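Report on the following structure.
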Amino acid sequence: MHDANRTANLLGATALAVTDMALTGATKAAGTSASGASALVVLSASPGLSVTELGRRVGLSQPAAARMVDSLEAGGLVTRRQGPGRWVSVKPTAAGTRTARTMLAARGTPLNAVVDVLDEPERETLDGLLSKLLTRLYGEVGNADLLCRLCDRAGCVRDGAVCPVGQAERDEQAAQDGAGGEGGHEGGGGEGAGPRGS
């Protein structure tokens, strides 16, 4: 019988090593924290979010998100605009958008190098397995925006592929709608969903 604990341990070690590689490249390219790097990627896909919503999408409290936005604004990467009432929207500057593209490339290069050890059938198999795991993780996290905060969204849906996280979110929303539930978060199908809504 196969030892599931060994598989889980191998997954944990792989996930940690891959995360370290991806975050090192992204944060170095941005010259900012991991949350700042994530914020720039999120804002590139969904410009004009409020500070609170941006914080939710990168996993920060409102005060921590405000401090992060202060830092990004001081670096010339984002601007804030006062809206009606207390609404403040955050948009990337041209430099912020370029930085986000640079970060995604810096994140993608080592990840592509890792999967290059696999042949095409192995990559296809891994793609299916990762899609299954991401669907399961969406069930745990329940927030597509948070789960995909540092994703290359265009890369995920290239050549007609469907993002498993976006699909899991749409399936959950359809189940809620079918059960007469209302609400749910916007994420994959809402404002600024970007390619994940495909």
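Since the model is a prediction, treat every value here as computed from it, not as a measurement.
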Review point. Any donor and acceptor pair, going by atom type alone, linking the side chain of T93 with main-chain N or O of G76 inside 3.5 Å?
Key: yes
Check your understanding: Are more than 12 heavy atoms from other residues, nucleotides or ligands located less than 6.0 Å from atom CZ of R123?
Key -> yes
Review point. Just how far is it from atom CE of M103 to atom CG of L40, taken to the nearest 0.5 Å?
Key: 4.5 Å
Exercise for review: Measure the spacing between CZ of R6 and CG of L11 and express it to the nearest 0.5 Å.
Suggested key: 12.5 Å
Check your understanding: Do Y138 and E172 have side-chain atoms, one donor and one acceptor, less than 3.5 Å apart?
Key -> yes
Practice item. Without swapping roles, check the side chain of N112 against the backbone of G108 for a donor-acceptor pair under 3.5 Å. Key: yes
Exercise for review: For the residue pair L49 and V90, establish whether any side-chain heavy-atom pair is separated by less than 4.5 Å.
Suggested key: no
Exercise for review: Quick one: pull up CD in Q62 and OG1 in T52 and give me the separation to the nearest 0.5 Å.
Suggested key: 4.0 Å
Check residues 18-28 and write down every donor-acceptor pair under 3.5 Å in which the side-chain atom is one partner and the other belongs to a residue at least two apart or another chain.
| unit_1 | atom_1 | unit_2 | atom_2 | d |
| --- | --- | --- | --- | --- |
| T19 | OG1 | A15 | O | 2.7 |
| T24 | OG1 | D20 | O | 2.7 |
| T27 | OG1 | L23 | O | 2.7 |
| T27 | OG1 | T24 | O | 3.4 |

Check your understanding: When rounded to the nearest 0.5 angstrom, what distance separates CD in E140 from CG in L137?
Key -> 7.5 Å
Indicate every side-chain donor-acceptor pair of residues 32-39 with a distance under 3.5 Å to a residue at least two apart or in another chain.
| unit_1 | atom_1 | unit_2 | atom_2 | d |
| --- | --- | --- | --- | --- |
| S33 | OG | S35 | OG | 3.1 |
| S33 | OG | G36 | N | 3.0 |
| S38 | OG | A34 | O | 3.0 |

Practice item. Can you measure from OG1 (T125) to CG (L118) and round to the nearest 0.5 angstrom? Key: 9.5 Å
Check your understanding: How far does CZ of R107 sit from OG1 of T109, to the nearest 0.5 angstrom?
Key -> 10.5 Å
Review point. Considering only heavy atoms from C-beta outward, does the side chain of L54 approach that of M68 to under 4.5 Å?
Key: yes
Practice item. Report yes if the side chains of S50 and S89 come closer than 4.5 Å at any heavy-atom pair, otherwise no. Key: no
Review point. Just by distance, with hydrogens left out, do R170 and Q173 show a side-chain donor and acceptor under 3.5 Å apart?
Key: no
Check your understanding: Looking at side-chain heavy atoms only, is the closest gap between C156 and P164 below 4.5 Å?
Key -> yes
Check your understanding: So, do R56 and L146 sit near enough that their side-chain heavy atoms are less than 4.5 Å apart?
Key -> no
Check your understanding: Do you know which two heavy atoms are closest between P47 and P92, and how far apart they sit?
Key -> CB-CD, 3.9 Å
Review point. Is there side-chain contact between R67 and P63, with heavy atoms separated by less than 4.5 Å?
Key: yes
